[in-house]
Amino acid sequence: MIYNKKAETMPRQEIEELQLARLKKIIRYCYDNVAMYRKRFDENKLDPDKFRTLSDLQYIPPTTKDDMRDNYPFGLFAVPQKEIVRIHASSGTTGKPTVVGYTKKDLDTWSELMARIISAAGVTDEDIAQICFGYGLFTGALGLHYGLERIGASVVPSSSGNSEKQIMLMKDFGTTTLIATPTYAMYLGELAHELGYDLADFKLRIGLFGSEGCTTEMRSKIEERLGLFATDNYGMSELMGPGISGECELRCGLHIAEDHFLPEIVDPNTLEAKEEGEVGELIITTLTKEGIPLLRYRTRDLTRINKEPCECGRTLARMDKVMGRSDDMLKIKGVNVFPSQIESVLMPMEEISPHYMLYIRREGYNDNLEIEVELVDGSLLERYADLENLTKRIRAKLRSVLGLDAKVTLVQPKKIQRFAGKAQRVVDLRGESK
Ligand code: DLL
């Protein structure tokens, strides 16, 4: 279902006119209300009233996570404190988190954008939606929560963790929609099976997955295990949280809420604009945010954009599933590879489960990669010849598809750690193995 027909099916020319009008306004708004932007414009001799086309945007220096840290906690807020009605922060692993503030209008926009993504996945007011994202400073849970309420679904705010209880609720309440990271969804499916539940008895029908990457191969495995249809949605706390883009039921790209976010794709090294359809780093300008507007925010996420209208009727541009982050690329013996590419190679193999870890070590001048993968059938570990054969097949596949030479270690089922939120499958041991 298209939640907001007018906004989601606008002809391209109209979208761009709207974006330009909003862009001019937000540039002036940032100049007038955020000291960092005013300083940056003045230093670069940029006149906030002289932006005439969408591509004039390229003259503005990008905003980065460091800018957010330097202005911690509220330095980039554009409104007085009393107009901020909600504060979230990113799950930064090191140092201070990045903090974002929302006005009432921002929260209203957020709910609208979530309602669009939720409806695009096929969820309706008849659904019972269990939110297994952590409630708190993380934007995932509350973002989805308000959007689901907006469309009239019954929300079960079960948060993350406490997995056996999650499964009990899912069964007893007849949950039809699961909101989680794909990793956690997979774990819940596995646990339900172990606890002796027949997932066919569950009423699950739709999974709204996001907050981390998941290849289509991995997604098929999750769908099969849980008996549901899953869509991907993307966002980041600095820009709003979830709500930036999401797949429709045709799953041919994530529709970007272009009336609120202006996307660009640039070369992550030179920052030059990429040709339409080329892969590069996604940069986003918030067009309507009041609390903390951001001009040309560098997401570090790599994707590409397709502006052709979708067969679903939506005209909003679509971004590909995120390939990885520009800072996540692994360089193994001269081969550049993203963890998602390794996942795509591993997942179709029947003998191995969807649980894996990547360990990078430095040996001499070389970086070596070890891929640890769980077997579906642990007894294989006792059949040396079969084990050897499977290891060889995996290595050969990695070599032929990615040109990657890696050590492959097959381990017992359930040996690899499970994650309740975003998975952390890459362990960089280069500092430790000199
Ligand atoms: O993860 C917001 C979110 C919550 C999105 C729930 C969707 C659902 P952060 O914690 O700030 O915000 O993390 C943002 O996560 O830059 C991407 O690298 C990654 N990410 C988010 N969604 C996806 C996705 C939330 N669908 C960072 N596919 C982003 C791949 C994703 N990566």
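One-based numbering, in listed order, for ligands and for the atoms of each.
- Proximity of Phe209 to ligand 1, defined as any heavy-atom pair under 4.0 Å, is not found for any part of the residue.
- At least one heavy atom of Phe138 sits closer than 4.0 Å to an atom of ligand 1.
- Residues Glu217 and Ser344 bring a donor and an acceptor atom of their side chains to less than 3.5 Å of each other.
- With a 4.0 Å cut-off on non-hydrogen atoms, Asn233 touches ligand 1 through its backbone as well as its side chain.
- Between Asp106 and Arg86 no salt bridge is recorded (no basic side-chain N to carboxylate O distance below 4.0 Å).
- Ring-centre distance between Trp110 and Tyr102: below the 6.0 Å cut-off.
- For ligand 1, the atoms lying closer than 4.0 Å to a non-hydrogen atom of Thr139 are 2 (C).
- Ion pair Asp327/Lys65 not flagged as a salt bridge, since none of the NZ, NE, NH1 or NH2 atoms sits closer than 4.0 Å to an Asp/Glu carboxylate oxygen.
- Listed by chain and residue number, nothing satisfies the side-chain hydrogen bond (donor to acceptor under 3.5 Å, both in side chains) test with His255 (two or more places apart in sequence, or in another chain).
- Residue contact check: Gly213 has heavy atoms under 4.0 Å from atoms 28 (N), 30 (C), 32 (N) of ligand 1.
- Set against the non-hydrogen atoms of Asp232, the atoms of ligand 1 under 4.0 Å away are 24 (C), 26 (N).
- The heavy atom nearest to atom 22 (N) of ligand 1, out of those in Ser211, Gly210, Gly140, is found in Ser211.
- Taking the six-membered ring for Trp and thresholds of 30 and 60 degrees, Tyr135 and His145 have ring planes more than 60 degrees apart, a perpendicular arrangement.
- Looking at Arg325 against ligand 1, only its side chain comes within 4.0 Å, counting heavy atoms.
- Note: an N/O pair closer than 3.5 Å links Lys422 and ligand 1 by distance alone.
- Between Asp320 and Arg304 there is a salt bridge, since a side-chain N of the basic residue sits under 4.0 Å from a carboxylate O of the acidic one.
- Closest heavy-atom approach to atom 25 (C) of ligand 1 among the candidates Gly241, Gly235, Ala180: Gly235.
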